[in-house]
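First up is the structure itself, then whatever we jot down about it.
Excluded from the calculations below are hydrogen atoms, water molecules and symmetry mates; all remaining heavy atoms, backbone and side chain alike, are included. Per chain, numbering begins at 1; letters A, B, ... match sequence-line order.
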There are 2 protein chains.
Amino acid sequence: MGAGVEWAAHCCLLLDWLGNDEAVSTARLAAGFEIPPAYLNKQLQALVRAGILTSVPGARGGFRLDRPLRKITLMDVVAAIEGPDEAFECTEIRQRGPGVDTPKRLFRRPCAVDAAMRSAELQWRRALAARTLADLRDTVDRSAPDLGEQLRDWYVHN
Amino acid sequence: MGAGVEWAAHCCLLLDWLGNDEAVSTARLAAGFEIPPAYLNKQLQALVRAGILTSVPGARGGFRLDRPLRKITLMDVVAAIEGPDEAFECTEIRQRGPGVDTPKRLFRRPCAVDAAMRSAELQWRRALAARTLADLRDTVDRSAPDLGEQLRDWYVHN
DNA sequence: GTCGAATTACTCGGATATATAATGTCCGAGTCGGGCAGG
DNA sequence: CCTGCCCGACTCGGACATTATATATCCGAGTAATTCGAC
């Protein structure tokens, strides 16, 4: 899985901690995490296309959350960055080759390997969809209540 | 996820259907699935390293199941091909950058994003580990009882 | 006809190319804020 | 002093390199079967 997923999740959390009143530019976000700004910009664009963030062009522009963290799941973030395709893709290998010259009567049922893989991946997706970014923020806030304020303080001066 | 996972799973099932009395060469397996033989060989080597198959060198050589399908889970196959690493890898991005100059007191707890990702991936692994290849074989056998015999017939002549 | 050794054909195993995707960089279009001239 | 316009700086957005990974290929080491000859 690409590193952009981690970047995107932490950026969304940070945008919430900083308050959603004004947009934050790619440069400042990247400086806060010490990651390549232009590449981060690319990931943020993906979040915009997915409807998670909104982009404000021009000077003093940047990105802002399009909906509260409560309505953004980890699944949304992963899907936005990694794309909608499933990790395992069945190519119907069982039907290929001259091994079975019988008609496709035997292959009406879906491929058993594919079914098992899809089932497992569905569990994964369910778990991701069950966790909203608000849950994560609250978890962090409980273990470090003053983190948000410290972040705001630093970003004010940068 | 690489295509090798699909190949490996189907090859294991096929080896069982053909009976495990004699080894089957890479060339014959690849011919049955219409996939590049040399590349399939690479994946099978990974299965050997993982202890799922045993390789028989020399003429009339090939591969054979090292244990019954009942003792091989889909998780074993995936781990053998894709490697043992987790898909999501936390780089502790939260601690990077000058944004937080406080000591690491705030970061004793594990990263919340990482925890959620690991939890979801654990669900995925559990689901894969719960399905043995014997389960899949039985599923196919129920929907197509004579598939195994047809496969044996064809492979006898090739 | 039987035994035995050299030969041959075949297979795995890993080292080596190529294609594809992930990562990283760069420049142009657009927009806001501030400066500046005019009234 | 106030207003409106122009200029400059800043930012997103997508097009363009670079690196890593997955895919595909090739050749050597080794083994079993086969063949050939001698007894």
### Query
B:Gly61 near the nucleic acid: base, sugar-phosphate alone, or nothing, with a heavy-atom cut-off under 4.0 Å?
sugar-phosphate

### Query
C:dT25, C:dC12, D:dT11: which one has an atom nearest the side-chain heavy atoms of A:Ser25?
D:dT11

### Query
CD of B:Glu22 versus P of C:dT11: gap in Å, rounded?
12 Å

### For atom CE of A:Met1 and atom P of C:dA21, their distance in whole Å
17 Å

### Task
Answer with base, sugar-phosphate or nothing: what part of the nucleic acid does A:Ala3 contact at a heavy-atom distance below 4.0 Å?
sugar-phosphate

### Message
What is the separation between atom CD on A:Glu82 and atom C1' on C:dA21, rounded to the nearest whole Å?
### Response
11 Å

#### Entry: Base D:dG13 paired with A:Lys42 side chain (donor-acceptor, <3.5 Å)
no

### Query
Between A:Thr26 and B:Gly4, which is nearer to the 5' end of DNA chain D once each is assigned its nearest nucleotide?
A:Thr26

#### Entry: Rounded distance (Å) that lies between atom C1' of D:dC10 and atom CG of A:Leu29
15 Å

### Query
Backbone N or O of A:Leu65 within a donor-acceptor pair of the A:Asn20 side chain at under 3.5 Å?
yes

### Task
Answer yes or no: is there an ion pair linking A:Arg125 with A:Glu121, defined by an N-O contact shorter than 4.0 Å?
yes

### Task
Determine, for B:Arg142 against B:Asp138, whether the closest basic-nitrogen to carboxylate-oxygen distance falls under 4.0 angstrom.
no

## Note on the structure
By nearest-nucleotide position on DNA chain D, the 5'-leaning member of A:Arg60 and B:Pro36 is A:Arg60

#### Entry: Close side-chain approach of A:Arg67 and A:Ile52, heavy atoms under 4.5 Å
yes

### Query
How is B:Arg49 classified with respect to the nucleic acid when contacts are heavy atoms under 4.0 Å: base, sugar-phosphate, or nothing?
sugar-phosphate

### Task
Could you state the atom-to-atom distance from CD1 of B:Ile81 to P of D:dA22 in whole Å?
12 Å

### Task
Using a cut-off of strictly less than 4.0 Å, decide whether B:Ser55 has a side-chain nitrogen or oxygen near OP1 or OP2 of C:dT11.
no

## Note on the structure
Closest to the side chain of B:Ala59, out of D:dA32, C:dC12, D:dT25, is D:dA32

### Query
Over how many whole Å does the gap from A:Leu44 atom CG to D:dG14 atom P extend?
13 Å

#### Entry: Atom-to-atom span, CD of B:Gln45 to C1' of C:dT11 - whole angstrom
11 Å

### Task
Rounded to the nearest angstrom, tell me the gap between atom OH in B:Tyr39 and atom C1' in C:dC12.
18 Å

### Message
Within a 6.0 Å radius of atom CD on B:Glu89, are there more than 12 heavy atoms belonging to other residues, nucleotides or ligands?
### Response
no

